[in-house]
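Read the structure below first, then the notes.
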2 protein chains.
Amino acid sequence: MESIQLGDAPASKRSPGEELDPAPMYDIIELLFFAYRDFVGDADRLLQNYKFGRAHHRVLHFVNRQPGLKIAEILAILQITKQSLGRVLRELLESGYIEVRPGPVDRRQRLLFPTGKGRRLALDLARLQSKRFARVFEALPPGAYDQAIQFLLEMIDPQERDEIAERLRLNSLSPERQRA
Amino acid sequence: MESIQLGDAPASKRSPGEELDPAPMYDIIELLFFAYRDFVGDADRLLQNYKFGRAHHRVLHFVNRQPGLKIAEILAILQITKQSLGRVLRELLESGYIEVRPGPVDRRQRLLFPTGKGRRLALDLARLQSKRFARVFEALPPGAYDQAIQFLLEMIDPQERDEIAERLRLNSLSPERQRA
DNA sequence: TCAGATACGACAGCCATGTTGACATATTCC
DNA sequence: GGAATATGTCAACATGGCTGTCGTATCTGA
């Protein structure tokens with residue numbers, strides 16, 4: 001692939017050691033905006049067929065990834081209020097993409113599980129978004145995937161970073177939890 | 001920095017040549033979600049002091065980056081309708097962060113310019129977001145910035161990609177347009 | 001055992017930001 | 001002078017957030 005040279009390098013590279021009022025990194029700010037918009041656009045188009053929005057997608061995605069998620073846990077992951085979750089979750093329950101079982105030890109809890117239908121839709125959505133990434137890393141040199149992972153991880157607030165990294169590691173190492 | 005190994009490599013790497021039903025790339029899908037959320041969170045918090053939202057930020061950002069932007073141009077960049085732009089733009093005009101001048105050649109056009117106040121706020125916001133990037137690339141090996149740029153560029157739909165790359169190149173090479 | 005903490009549901013109302021559709025106005029172009 | 005263009009505007013609506021408040025079932029600990 002042709003290497004495109006865009007704008008300025010980060011200010012920290014232009015004058016090492018000097019940190020006074022670095023120039024804003026407009027290029028990467030805008031690229032992240034456009035990249036994210038196109039990324040979510042893929043799923044948005046598919047979701048229209050189901051009359052679902054991004055909010056439904058997020059809930060279904062994390063419930064599918066972590067079956068048995070508690071209400072409080074998904075609120076923490078999505079960082080929304082239970083009132084916001086309420087409507088979206090109700091629609092997912094009523095249309096049979098997610099089901100609820102009481103917590104085996106604490107019966108106040110409502111554990112969320114994807115149904116077969118739910119797993120299928122979540123998988124379709126994930127595959128669609130994965131296609132974009134697959135195309136990206138085919139066009140980029142080897143190692144680009146690992147570099148992108150490190151880049152995105154660093155972008156996340158430090159407090160959440162460890163927790164998220166842990167959740168990702170757990171999910172990729174223990175597929176048996178999918179059958180819980 | 002400690003190199004964290006997360007989950008699986010892309011399916012294309014696990015069995016070269018075979019492309020049937022690759023496993024979804026859950027890790028990078030979720031990392032992009034969390035990374036973007038924290039990224040915009042920075043600006044959101046600052047914007048609260050001004051009673052502005054993300055929509056105002058986007059308009060102010062691009063008007064500041066490309067002074068003299070036409071209405072039709074910013075609609076194309078943001079991919080929203082003029083009705084959506086209307087309210088937000090009116091508030092930015094009334095509160096004096098953006099001003100309008102008729103097109104010198106075509107007087108139907110309303111060219112958008114940031115005011116001094118507008119430039120200051122746009123710069124504050126850009127600096128805030130740049131801080132996150134600066135911290136990221138300090139933690140990452142040299143070359144990570146260029147790699148991230150290439151990654152994000154590839155994530156953008158091909159139709160827009162060239163146009164966006166061109167706009168970024170223009171903006172970083174012709175600062176004199178800032179005085180238009 | 002019982003009082004308080006916890007996990008969750010539900011109602012009401014509000015806000016921000018997007019949409020479509022229809023129509024008005026000024027200007028430019030042929 | 002009529003059509004196309006650039007933009008504004010009004011109305012209605014959808015989505016997805018929010019706060020506040022109250023209710024209920026369940027668990028926990030003194």
Side-chain angles (χ1 to χ4, degrees), chain A residues 33 36-37 40-41 43-63 68-95 98-113, chain B residues 33 36-37 40-41 43-63 68-95 98-113:
Chain A
F33 167 70
Y36 190 78
R37 187 182 61 184
V40 293
D44 284 351
R45 278 184 294 276
L46 206 168
L47 287 161
Q48 279 189 345
N49 308 334
Y50 298 81
K51 312 278 186 176
F52 285 156
R54 280 185 205 180
H56 303 86
H57 183 193
R58 289 197 281 265
V59 173
L60 178 60
H61 173 92
F62 285 106
V63 168
L69 217 49
K70 289 183 292 185
I71 298 289
E73 286 174 335
I74 200 166
L75 292 180
I77 291 173
L78 299 179
Q79 289 180 9
I80 57 174
T81 61
K82 63 178 173 177
Q83 292 85 343
S84 295
L85 177 66
R87 276 176 309 210
V88 168
L89 181 56
R90 178 163 30 81
E91 288 169 353
L92 286 167
L93 291 171
E94 284 171 358
S95 50
I98 285 182
E99 63 184 14
V100 168
R101 303 178 211 161
V105 41
D106 185 338
R107 291 193 334 231
R108 289 172 303 180
Q109 298 172 347
R110 301 176 70 213
L111 308 188
L112 303 176
F113 294 86
Chain B
F33 168 70
Y36 190 77
R37 187 183 62 185
V40 293
D44 285 351
R45 278 184 293 275
L46 207 167
L47 287 161
Q48 279 188 346
N49 308 335
Y50 298 81
K51 311 278 186 178
F52 285 156
R54 282 186 204 178
H56 304 86
H57 182 193
R58 289 198 281 267
V59 172
L60 179 59
H61 173 93
F62 285 105
V63 167
L69 215 50
K70 288 182 294 186
I71 297 289
E73 287 173 335
I74 200 165
L75 292 181
I77 290 174
L78 299 181
Q79 289 181 8
I80 56 174
T81 60
K82 65 177 171 177
Q83 292 86 342
S84 294
L85 177 66
R87 277 175 307 212
V88 169
L89 181 56
R90 178 163 29 82
E91 288 168 353
L92 285 167
L93 291 171
E94 285 170 357
S95 50
I98 286 182
E99 64 184 13
V100 168
R101 305 177 209 161
V105 41
D106 183 340
R107 288 192 337 230
R108 289 171 303 179
Q109 297 173 346
R110 302 176 68 212
L111 307 188
L112 303 175
F113 295 85

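Please read all numbers here as calculations on a predicted model, not as lab measurements. Proteins get letters first, then strands, A, B, ... in listed order; numbering begins at 1 in each.
Phosphate proximity of dA16(C) to His56(B): absent, as no side-chain N or O sits under 4.0 Å from OP1 or OP2.
Between the CG atom of Leu75(B) and the C1' atom of dT5(D) there is a distance of 14 Å, rounded to whole Å. One atom, CD of Glu91(A), and another, P of dT15(D), lie 8 Å apart when rounded to the nearest Å. Rounded to whole Å, the distance from CZ on Arg54(A) to P on dA14(D) is 19 Å. Rounded to a whole Å, the CG atom of Leu112(B) is 15 Å from the P atom of dA6(D). Separating the CZ atom of Arg101(B) from the C1' atom of dT7(D) is a distance of 19 Å, rounded to the nearest angstrom. dG16(D) atom C1' lies 18 Å from atom NZ of Lys51(A), rounded to whole Å. In this structure, CG of Leu78(A) is placed 15 Å from C1' of dC18(D), rounded to the nearest angstrom. Rounded to whole Å, atom P of dC15(C) lies 17 Å from atom CZ of Phe52(B).
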Considering only distance and modelled atom types, tabulate donor-acceptor pairs under 3.5 Å from the side chains of residues 47-54 of chain A, sequence neighbours left out.
{"unit_1": "Asn49(A)", "atom_1": "ND2", "unit_2": "Leu46(A)", "atom_2": "O", "d": "3.4"}
{"unit_1": "Arg54(A)", "atom_1": "NE", "unit_2": "Asp44(A)", "atom_2": "OD1", "d": "3.3"}
{"unit_1": "Arg54(A)", "atom_1": "NE", "unit_2": "Asp44(A)", "atom_2": "OD2", "d": "3.0"}
{"unit_1": "Arg54(A)", "atom_1": "NH2", "unit_2": "Asp44(A)", "atom_2": "OD2", "d": "2.9"}

Please tabulate, for the side chains in residues 76-92 of chain A, all donor-acceptor contacts under 3.5 angstrom to protein atoms that are two or more places apart in sequence or on a different chain.
{"unit_1": "Thr81(A)", "atom_1": "OG1", "unit_2": "Ser84(A)", "atom_2": "N", "d": "3.3"}
{"unit_1": "Thr81(A)", "atom_1": "OG1", "unit_2": "Ser84(A)", "atom_2": "OG", "d": "3.1"}
{"unit_1": "Glu91(A)", "atom_1": "OE1", "unit_2": "His56(A)", "atom_2": "NE2", "d": "2.5"}

#### Entry: Under 4.0 Å protein heavy-atom contact, by nucleotide of nucleotides 19-24 of chain C - B base, S sugar-phosphate only
BBBB--

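Scanning for salt bridge (Lys or Arg N to Asp or Glu O under 4.0 Å) contacts around Arg37(B) gives Glu160(A), with sequence neighbours left out. A search for salt bridge (Lys or Arg N to Asp or Glu O under 4.0 Å) contacts involving Arg107(A) returns nothing, not counting sequence neighbours.
Val100(A) comes within 4.0 angstrom of no nucleic acid atom, judged by non-hydrogen atoms across all strands. Arg58(B) comes within 4.0 angstrom of the backbone, heavy atoms only, and of no base.
With a 4.5 Å cut-off on side-chain heavy atoms, His61(B) and Phe33(A) do not count as touching. Two residues are said to be in side-chain contact when any heavy atoms from C-beta on lie closer than 4.5 Å; Val100(A) and Leu112(A) meet this criterion.
One finds the CG atom of Leu75(B) at 9.5 Å from the CG atom of Leu69(B) (value rounded to the nearest 0.5 Å).
Scanning both residues, Leu111(A) and Pro104(A), for their nearest heavy atoms gives CD1-CD, 3.7 Å. Contact record, Val63(A) with Phe113(A): CG1-C, 3.7 Å, taken as the closest heavy-atom pair.
Residue-to-nucleotide proximity on DNA chain D shows that, of Val88(A) and Arg107(A), the 5′-proximal contact is made by Val88(A).
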Give me the distances for all protein-to-nucleotides 3-7 of chain C N/O pairs that come in under 3.5 Å?
{"unit_1": "dT6(C)", "atom_1": "O2", "unit_2": "Arg108(A)", "atom_2": "NH1", "d": "2.5"}

